[in-house]
Amino acid sequence: MKRRHRGPTLLDFLNGGKGSKKEIEKKGNGNGKEKKANTAQVKVIERRVNRSIETSTLSYFVKAEKPKHVQATPKLSSTRRALRVALPASAGARDYSVLMKGAPEASEGSEYYLFQVLYDGHRGKAVLLLYDEKKHEIVEWVDTYGHKPYFLTDVTPEEARRMGITREETFAGMDVVYRYDLLNKELKRLTKIYTTDPLAVRKLRDKVPTAWEAKIKYHDNYVYDLGLIPMLKYTVKSKRLVPMPHRITGEEVSKVLKAFEEESEEFKNMAISWIPVFEAPPPHIKAVAIDIEVFTPSVGRIPDPEKAPYPITSVAIAGSDGLKKVLVLLRNDKRLTEEEIENLKKQDFEVEFYDSEKALLLELLRIIRQYPVLITYNGDNFDLNYIFHRAKLLGIPDDMIIFKKSNDMFTTKHGIHIDLYQFYDINAIKTYAFGNKYKEVNLDAVASALLGEHKVQITKSISELNYDELVIYNFRDAKLTLNLLTFNSWLPWKLMVLISRISKMSIEDVTRKQVSAWIKNLFFWEHRRRRYLIPNKEDIERMKGSIKSSAIIKGKRYQGAFVFEPVAGIFFNVVVLDFASLYPTIIKKYNISYETVNEPNCKKYIEAPEVGHKICQDREGITPLIVGLLRDYRVKIYKKKAKDKSLDDRLREWYNTVQSAMKVYINASYGVLGADSFELYCPPAAESITAFGRYAIKATMNYAEKNGIVVLYGDTDSMFLWSPPKEILDKIIAWVKEKFGLEIEIDKVYKFVAFTGLKKNYIGVYPDGSIDVKGLLGKKRNTPLFVKQTFIQLIDMIKEINTPEEVVETRRKVKEVVKQLYTNLRRQYYDLDELAFHMQLTKPLEAYTKNMPQHVKAALMLKRFGVEVGQGDVISFVKVKGSEGVKPVQLAKLPELDLDKYFDVIETTLGQILKAFSIDSAYLSGTSKLEAFLSH
DNA sequence: CAATTCGCTATCGCTC
DNA sequence: GAGCGATAGCGAA
């Protein structure tokens with residue numbers, strides 16, 4: 001273990017560099033690689049008074065009877081003097097030696113949740129991070145199975161020897177193994193070549209003509225080979241890792257078996273083995289959220305964390321155990337006033353002031369070390385990165401900096417780090433788990449959408465804030481961050497736990513990777529469990545043939561769903577029939593999988609309509625098995641449990657989370673088959689799925705029409721039927737079941753639907769007056785507020801309609817409201833904010849090379865003005881006269897607006913509603929079509 | 001490292 | 001200036 005004996009000591013930096021007589025105690029220099037934990041102990045004398053004040057939890061260094069020390073802070077040196085004076089003899093020492101201790105070893109017989117598998121380069125072994133739920137700490141278990149990195153090849157051991165592979169330095173042995181090859185339907189005799197370390201796989205795999213399973217990360221391989229399920233309980237018995245059996249009643253088992261009684265034996269066995277995944281309770285954890293503020297001289301510029309040039313001025317800490325604390329750095333150019341102290345006393349968190357940034361950081365590290373789970377918002381990119389480099393810069397020894405960097409992420413040496421920014425940025429989480437409630441993924445947007453709480457609004461830059469403002473601002477961020485993990489009885493955490501168990505991926509990976517990575521991991525795990533060879537992507541593409549359909553939209557690879565062209569108008573009593581999760585059901589029903597599509601030597605197959613791919617029915621495919629299991633579990637068991645009033649609220653909530661985790665998975669299962677980045681990419685499978693879907697919906701629509709029902713609309717898996725008698729609905733449902741084996745059900749019953757005549761564009765009103773607005777411009781977030789307000793006003797009028805007669809009356813009122821809006825606009829009734837368009841920069845500014853869209857123009861103007869803008873930001877701009885045509889709302893003035901553009905916005909946005917009432921918007925405007933106006 | 005296609009609207013940037 | 005394909009964003013399913 002390398003230790004510097006010269007150079008600055010801990011005490012030096014804590015005491016501000018001046019020679020001090022206090023000593024750093026060092027004990028037992030842990031030499032040798034086996035011992036990770038350095039046992040050196042360092043004692044540090046505290047530099048602030050920990051006083052408890054009756055009325056608040058604020059503790060600060062100033063003695064109440066000596067306020068002058070606080071106020072006299074013109075220079076750093078006098079601050080120090082003040083601190084020294086204020087430091088009481090009783091100040092206890094804090095033990096910082098803990099920073100150098102890694103995770104302890106797992107002990108025999110204890111129960112743990114499996115959190116993570118890592119490869120430890122020093123030990124050359126797999127290391128498992130296990131969570132002790134009683135002690136709330138993470139312990140390590142080092143592999144005792146002698147598991148090694150490897151890959152597979154069809155080169156025989158003899159040939160491998162001849163080729164010189166066995167003489168390679170990184171060669172570590174070989175075995176003959178058998179794997180079933182799903183693509184070629186044969187049992188393959190393969191050579192398993194072990195290597196000394198995971199990186200060596202890359203080198204050796206290139207020495208053989210064909211290698212399989214050679215690009216799988218080592219820690220994933222370990223999980224597959226041992227059949228591990230993260231976030232379930234394990235124990236250590238005779239140095240081996242053993243899963244803790246999950247106890248379930250016979251009743252539960254028979255319930256599951258009954259739900260799946262028509263399924264294959266393989267399906268049933270799998271279903272039983274999956275019970276713990278959904279039923280085992282999630283681990284209770286001790287977590288801490290942190291957020292830092294950095295002094296920045298220039299406004300709006302985010303300092304480079306790799307350089308960490310400026311001091312960390314404040315750190316807020318919020319623990320799931322109730323810890324609420326802010327560590328603040330005193331600045332020599334800013335004095336702390338009585339008023340600020342009084343204000344801080346009123347807060348419900350503790351504040352500690354430091355005159356040394358190093359001491360502050362050390363204390364921060366010490367606190368984080370007490371929590372096995374660290375939570376941040378954008379910690380990978382900023383906070384942890386900044387702390388890491390800042391700590392180095394300030395001379396804190398490497399082995400006291402408890403973070404480690406791997407690839408683009410940061411984590412702690414003693415536990416795990418969840419970066420909630422990464423988690424909330426996952427598309428599948430946005431859409432399926434949180435219903436697109438937030439669009440921008442910054443803390444304020446996500447917190448206000450999910451928690452209903454905002455960041456503290458500040459108008460000044462961080463560096464200009466007073467101490468109390470800074471601290472209050474900072475703490476809110478840490479609190480919001482913690483809440484984004486724990487709100488709704490820890491819903492996000494539970495969701496992570498479930499996705500981790502389903503995907504067999506650690507929480508750290510699950511929260512940083514997109515849905516295709518989750519699905520890939522589950523599929524690979526299930527392949528390995530069955531000793532199936534994990535195929536190479538090129539082989540699937542080569543063997544499964546090409547795409548037969550052509551997409552309707554240019555640039556797309558294959559044809560997707562069918563959309564019915566609706567007629568504009570208002571229709572009363574509309575019933576919507578819906579195929580319940582159509583694509584996953586098709587996958588299951590028609591046995592669509594990468595191996596079953598155009599399978600060689602197939603005896604019995606079904607041909608996909610239009611595209612003609614032959615889907616083999618000889619044996620159950622792996623995709624139908626996995627997707628079918630999740631779908632059936634969700635539909636037959638967990639959707640029901642989530643609504644079961646006989647269960648207590650907590651359990652019901654859990655089951656609701658279970659079913660929504662499944663939903664995320666199921667909904668993406670079709671999409672990944674058509675994504676060329678997916679390891680099991682199989683476009684013929686994807687286009688077969690949509691082809692079956694089009695066939696089913698069109699045939700059902702025809703059947704409805706044959707039975708005298710008017711089909712008003714339909715999209716992908718839904719049909720809007722005009723006032724259908726119940727017996728005919730039942731007839732259709734039964735026919736679909738009989739003809740296709742698919743489930744179709746009544747999804748919604750509308751009092752009436754207003755169709756605008758456009759696809760994906762309608763207003764549905766329920767009997768109770770609640771509404772669905774789909775696709776209308778007035779609903780889109782880029783639409784300016786002034787039209788949106790009127791849009792909402794119109795919707796509110798529309799939902800009051802009860803009879804066809806009332807439509808005529810409402811029609812008249814709608815016209816009036818729209819006319820009024822034109823008048824208001826002409827009279828400049830609206831302010832700039834109400835007139836602003838809002839558009840997101842979906843790419844970095846430099847990436848707009850093909851053209852220059854308006855929001856990008858506006859963004860560039862903001863940038864020139866000194867405002868930091870970039871990818872993911874929503875730009876608010878108005879349309880102005882002149883060559884540029886736009887201006888960011890911050891820089892524009894009312895008189896320069898191009899009103900004509902705004903009249904156009906009214907016309908297109910509200911025109912959609914008017915069309916449903918068959919009103920031509922043109923004659924209402926009076927500007928765009930003058931003749932039309934005059935003729936009325 | 002990244003799930004899909006279909007549909008609507010506005011604008012850009014080029015050609016005639 | 002009209003026409004038109006490409007680009008971009010947002011939404012439905």
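Labels below follow one simple rule: chain letters A, B, ... track the order of the sequence lines, proteins then strands, and each chain is numbered from 1.
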Comparing A/Ser550 with A/Ala675, nearest DNA chain B nucleotide closer to 5' gives the residue A/Ala675

Quick one: is B/dA10 close enough that its OP1 or OP2 comes under 4.0 Å of any side-chain N or O from A/Thr908? yes

Using a strict 4.0 Å threshold on nitrogen-to-oxygen distance, state whether A/Asp772 and A/Lys748 make a salt bridge. yes

Side chain of A/Lys548, backbone of A/His613: donor and acceptor closer than 3.5 Å? no

At 4.0 Å (heavy atoms only), tell me whether A/Ile553 reaches a base, stays on the sugar-phosphate, or touches nothing. base

Output the rounded distance in Å from CD1 (A/Ile519) to C1' (B/dC1). 16 Å

Contact residues, residues 556-568 of chain A to DNA chain B [heavy atom, < 4.0 Å]: A/Lys556, A/Arg557, A/Tyr558, A/Gln559, A/Gly560, A/Ala561, A/Val563

Which part of the nucleic acid does A/Lys879 contact within heavy-atom distance under 4.0 Å: base, sugar-phosphate only, or nothing? sugar-phosphate

Round to a whole Å and report the spacing from OH of A/Tyr665 to C1' of B/dA3. 12 Å

Any donor-acceptor N/O pair, A/Asn407 side chain to A/Met409 backbone, under 3.5 Å: no

Pairs flagged by side chain to side chain donor-acceptor pair (under 3.5 Å) wherever residues 847-861 of chain A is involved - sequence neighbours left out: none

Of the listed nucleotides B/dC12, B/dT9, B/dT4, the one nearest the side chain of A/Gln854: B/dC12

Using the six-membered ring wherever Trp is involved, compare the ring planes of A/His527 and A/Phe523 and label them parallel, tilted or perpendicular (cut-offs 30° and 60°). tilted

Centre of A/Phe837's six-membered ring, under 6.0 Å away, within 45 degrees of the axis: is that where NZ or CZ of A/Lys879 sits? yes

Under 6.0 Å between the ring centres of A/Phe571 and A/Phe752? no

A/Arg512 CZ to B/dA2 C1', straight-line distance once rounded to whole Å: 17 Å

Can you check the A/Phe692 CZ to B/dT5 P distance for me, whole Å? 19 Å

At 4.0 Å (heavy atoms only), tell me whether A/Ala517 reaches a base, stays on the sugar-phosphate, or touches nothing. sugar-phosphate

Between C1' of B/dA3 and CG of A/Asn521, the distance in whole Å: 16 Å

I'd like to know if A/Arg512 and A/Asp408 make a salt bridge, using a cut-off of under 4.0 Å between side-chain N and carboxylate O. no

Check the distance between B/dT4's P and A/Ile592's CD1 and give it to me in whole angstrom. 18 Å

Which part of the nucleic acid does A/Gln422 contact within heavy-atom distance under 4.0 Å: base, sugar-phosphate only, or nothing? nothing

Using a 4.0 Å heavy-atom cut-off across all strands, classify A/Leu777 as base, sugar-phosphate, or nothing. sugar-phosphate

Quick one: are the ring centres of A/Phe434 and A/Tyr424 less than 6.0 Å apart? yes

Would you mind classifying the nucleic acid contact of A/Lys217 as base, sugar-phosphate or nothing, using non-hydrogen atoms under 4.0 angstrom? sugar-phosphate

Reckon A/Lys857 has a side-chain N or O less than 4.0 Å from the OP1 or OP2 of B/dC12? yes

Generate the contact string for nucleotides 8-13 of chain C. Rules: B means base contact, S means sugar-phosphate contact only, - means no protein heavy atom under 4.0 Å. SSBBBS

Could you state the atom-to-atom distance from CG of A/Asp425 to P of B/dA3 in whole Å? 11 Å

What is the distance, to the nearest angstrom, from the CG atom on A/Leu758 to the C1' atom on B/dC6? 13 Å

Please determine whether a side-chain nitrogen or oxygen atom of A/Gln514 lies at a distance below 4.0 Å from atom OP1 or OP2 of B/dA2. no

For the pair A/Arg694 (side chain) and A/Gly560 (backbone), establish whether a donor and an acceptor sit closer than 3.5 Å, ignoring hydrogens and angles. yes

